[in-house]
*Asks:* 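Following this message is one structure expressed as structure tokens.
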Amino acid sequence: MNTAESVPKNPSSCSTSPLNLEEFRRQGYMAIDFIADYYQNIEKHPVLSQVEPGYLKNLFPKSAPYSPEPIETILHDVQKHIVPGITHWQSPNYFGYFPSSASTAGFLGEVLCTGFNVVGFDWMSSPAATELENIVMEWLGEMLTLPKCFLFAGNGGGVIQGTTCEAILCTLVAARDRMLSQIGKDNIGKLVVYGSNQTHSALQKAAHVAGIHKTNCRAIETTKSTSFALSPESLRLAICLDIESGLVPMFLCATIGTTATTAVDPLRPLCDVANTYGLWVHVDAAYAGNACICPEFQHFLDGVERAHSFSLNAHKWFFTTLDCCCLWLKDPKALTKSLSTNPEYLMSNHATNSEQVVNYKDWQIALSRRFRSMKLWLVLRSYGVGNLRSFLRSHVKMAQLFEDLVASDKRFEVVVPRNFAMVCFRALPLAISKEVSENGTAVNGQKISYDQLECSNQLNRELLKSINASGQVYLTHAVVAGLYIIRFAVGATLTEDRHVFTAWKVVQEHLDAISKIIIVGQYVNFPQFQGST
Ligand SMILES: Cc1ncc(COP(=O)(O)O)c(C=O)c1O
């Protein structure tokens, strides 16, 4: 063991400089080979990591090495100790949450971004970083057919944020300050933000960070009858009640593709209501917005011209590595008014003084920023709009296939109509309990209400647990209107039809296994059934 004073023995050529280029070439090839091999063998791993909490700390030393270690040893440890602790989001058998679809263009864009390692806070600090971001945001905005008012060409503009949470926070702060400039900053306690009970928790967090009182955050109820979309009438009612109470409605977050069920809030009528009362409307299309590069999905954006801002995560379903949240605004000045700072060391900059450039530091929370547009640019150029549409459509088709398989088995139901590439389904307790008569009488004559929500929830909870423990596939869940549902989201780049068929077989087999347990008697004691098997 070296002490702090001793000189490392046998320093490798790498240790002489952190930018040894010959070593970089050699190690770079090894790292890329490592990743390529990982993808080649990805199906051999259980999709959901099987490790226990704290597994890693006993495998590595307590302190960082004082002397350098060769890349070969490090990569060996990655393979042996890190890979087992990875949940394989890129596995073709991954159908959880929303996708984080990978591409080699995205990886290489990330390499270039990281390799240049510029800190492009303003135009001057790296003109190409700013200007390329301007260009890709125009390109993508046009691909989505966003109205011109959201593009630089129409006095709006786009920026790449890290995540949707940041995008919502930034727009909420802009909306807050815009409103406070009208009603006085002492009235911040009166501001109210609106979403539905399906809106992502990002809104709640953003409101909290922006100083909006917890009791002034409305999560308006949705129902199955509207497929969990926010009703404009419910919004109007909530706004009117708040106004009557002396509060000030300020911000609506509408969602295209909610996290639980990919519900689509109807933008046009919601914007009608929000515009009437002077609210800022942000459209969170984190997942589903990506599909809107395909003409057949663009109707979901109907009315977006009445919103103030719109964002999507290219790192979800657009083959671009995390993090890459694209945010467009009609009035970027509202944002920069809130977020711009001008410390002395950034002044005296002829570009800024000319007011002809975008300084993205004023469009986000942090000062420093990555060259994120590089990866999106590589994705757009390497595949082209035509291929990107085909990739997305292939996922939608596979989701359709899964939906058909679910519909063909009486023991299951599709819970809400599928909008994109995600299917929400559940196993039906009554249908699987063959030993129980249709009227809910068990073999022992006991009366049971099989329609009870908790009965269904318990069954589907157990089913999902069993499926995921197998490691063969990975699916996640949601709870809507108290109903526990299983989500099947297609979007991993390597997924093919055969993976969908296999996944369905896995689901059926696990239901068969659970049904047997139920039929031998434990289940008839419901609601005491604890599901411990
Ligand atoms: C609709 C929606 N909004 C927001 C988010 C949060 O995104 P991020 O992690 O980029 O903040 C998600 C994540 O899944 C989402 O589905």
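First listed ligand is number 1; within each ligand, the first listed atom is number 1.
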*Asks:* Does any non-hydrogen side-chain atom of Gln50 lie less than 4.5 Å from one of Pro84?
*Replies:* no

*Asks:* Do we see a donor-acceptor contact under 3.5 Å between the side chains of Glu131 and Trp123?
*Replies:* yes

*Asks:* At under 4.0 Å between heavy atoms, is it the side chain or the backbone of Thr163 that contacts ligand 1, or both, or neither?
*Replies:* both

*Asks:* May I ask you to list the atoms of ligand 1 that are less than 4.0 angstrom from any heavy atom of His315?
*Replies:* 10 (O)

*Asks:* Hey, is CZ on Phe107 packed in by over 12 heavy atoms from elsewhere, all under 6.0 Å?
*Replies:* yes

*Asks:* Assess the side chains of Ser390 and Asn387: does a donor N or O sit below 3.5 Å from an acceptor N or O?
*Replies:* no

*Asks:* With ring-ring contact (aromatic ring centres under 6.0 Å, His included) as the test, pick out the partner of Phe402 among Phe501, Phe412, Phe425.
*Replies:* Phe425

*Asks:* What atoms of ligand 1 come closer than 4.0 angstrom to any heavy atom of Gly257?
*Replies:* 1 (C)

*Asks:* Classify the contact between Asp284 and ligand 1 as side chain, backbone, both or neither, using a heavy-atom distance cut-off of under 4.0 Å.
*Replies:* side chain

*Asks:* Among all protein heavy atoms in this structure, tell me which lies nearest to atom 16 (O) of ligand 1, with the distance rounded to 0.1 Å.
*Replies:* Thr259 OG1, 2.9 Å

*Asks:* Does the side chain of Thr163 come under 3.5 Å of the side chain of Asp323 through a donor N or O and an acceptor N or O?
*Replies:* no

*Asks:* Under 4.0 Å, heavy atoms only, figure out whether ligand 1 is touched by the backbone of Glu166, its side chain, both or neither.
*Replies:* neither

*Asks:* For atom 12 (C) of ligand 1, what is the closest protein heavy atom, and at what distance to 0.1 Å?
*Replies:* His200 CD2, 3.2 Å

*Asks:* With backbone taken as N, CA, C and O and side chain as the heavy atoms from C-beta onward, which portion of Tyr287 lies under 4.0 Å from ligand 1: side chain, backbone, both, or neither?
*Replies:* neither

*Asks:* Assess whether ring pair (Phe, Tyr, Trp, His ring centres under 6.0 Å) is satisfied between Phe391 and Tyr383, documenting all intermediate values.
*Replies:* CA-CA 10 Å; Phe391 297 154; Tyr383 304 118; 5.6 Å; yes

*Asks:* Below 3.5 Å, N or O to N or O, backbone or side chain included: is there any such pair between Asn313 and ligand 1?
*Replies:* yes

*Asks:* For ligand 1, is any non-hydrogen atom under 4.0 Å from Cys165's backbone (N, CA, C, O), its side chain (CB onward), both, or neither?
*Replies:* both

*Asks:* Quick one: nearest non-hydrogen protein atom to atom 13 (C) of ligand 1, plus distance?
*Replies:* Lys316 NZ, 3.0 Å

*Asks:* Identify the closest protein heavy atom to atom 8 (P) of ligand 1: which residue and atom is it, and at what distance?
*Replies:* Thr164 N, 3.6 Å

*Asks:* Is it the case that the side chains of Tyr38 and His88 hold a donor-acceptor pair, with the cut-off being a distance below 3.5 Å and no angle test?
*Replies:* yes

